[in-house]
Amino acid sequence: VMEAGNRGAAEIGAPTIGLNIVLPHEQAPNPYVTPDLSFNFHYFAIRKMHFLTRAKVIAIFPGGFGTLDEMFESLTLVQTGRMKPLPILLFGGDFWRRVIDWQALVDSGTISPADIDLMTHVETAAEAMAMEPNLHCTSALLSPTTGGIDSPSHMAALQGDAEDHGATGLQKYLAFI
């Protein structure tokens, strides 16, 4: 998904930033990142800080531990007022409802009912763009560099959504700042 965002920006001639983490067995930065804007980080916290200080919208796709870490860090920073409130969009509601029982967290008193409103579930780029007018110009995508899409059919659905709404719709949506 990150590569798709970088590729879309590159195809329309826009500069694209890559914030990579140096890990064993990780891929190199994708070829669509503007070379002078490709940054490698050794520490997750520094990488997250750079993502979050530039984000206008946070789009989170199904992923593993890295995605969950970045999602919960973002939610906690907004919840505690350490970061300005901004839209946090969780793509793939079925995935998120299976993985995290938000209501159980409320029922156990570990989060407040209002905390559930810090995020919104969406299914398509068009749905996200309709909800958040800023999406056409800037966003941050939280997903591990190893993937972030739970299946090939999910990626196909995203590609189909891009084609249905004009490729630049999804590409601009996934643009990094």
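FYI, side chains are in, hydrogens and waters are out, and symmetry mates aren't considered; it's all heavy atoms of this structure. Numbers here simply count residues along the sequence, with the first being 1.
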[X] side chain vs [Y] backbone, donor-acceptor pair below 3.5 Å:
| X | Y | answer |
| --- | --- | --- |
| D115 | Q79 | no |
| T110 | L105 | yes |
| E70 | K48 | no |
| W96 | H121 | no |
| S38 | G18 | no |
| T34 | L37 | no |

Strictly under 6.0 Å, is that where the ring centroids of F41 and H50 end up?
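Yes - the distance between ring centres of F41 and H50 falls below the 6.0 Å cut-off.
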Would you please classify the geometry between the W102 ring and the F72 ring as parallel, tilted or perpendicular, with 30° and 60° separating the classes?
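Ring orientation of F72 relative to W102: tilted.
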Give, for atom [atom1] of [X] and atom [atom2] of [Y], the distance between the pair rounded to the nearest 0.5 Å.
| X | Y | atom1 | atom2 | value |
| --- | --- | --- | --- | --- |
| E123 | L89 | CD | CG | 11.5 Å |
| L118 | S112 | CG | OG | 7.5 Å |
| I60 | F95 | CD1 | CZ | 11.0 Å |
| N20 | N40 | CG | CG | 5.0 Å |
| I17 | D36 | CD1 | CG | 11.5 Å |
| F44 | D69 | CZ | CG | 7.5 Å |

Would you tell me whether R47 and H42 have side-chain atoms, one donor and one acceptor, within less than 3.5 Å of each other?
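There is no such pair between these side chains.
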Does a side-chain heavy-atom distance below 4.5 Å link [X] with [Y]?
| X | Y | answer |
| --- | --- | --- |
| V122 | L90 | no |
| V106 | I116 | yes |
| L52 | M83 | yes |

Who pairs with T53 by side-chain contact (heavy atoms from CB on, under 4.5 Å), at least two apart in sequence or on another chain?
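Result, side-chain contact (heavy atoms from CB on, under 4.5 Å) vs T53: M49.
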Restricting to non-hydrogen atoms, name the atom on F91 and the atom on A125 that form the minimum distance, rounded to 0.1 Å.
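Between these two residues, the closest heavy atoms are CE2-N, 3.9 Å.
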Report yes or no: do F65 and I100 belong to one cluster of Ile/Leu/Val/Met/Phe/Trp/Tyr joined by side chain heavy-atom distances under 4.5 Å?
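As far as the 4.5 Å side-chain criterion goes, I100 and F65 are not connected within one cluster.
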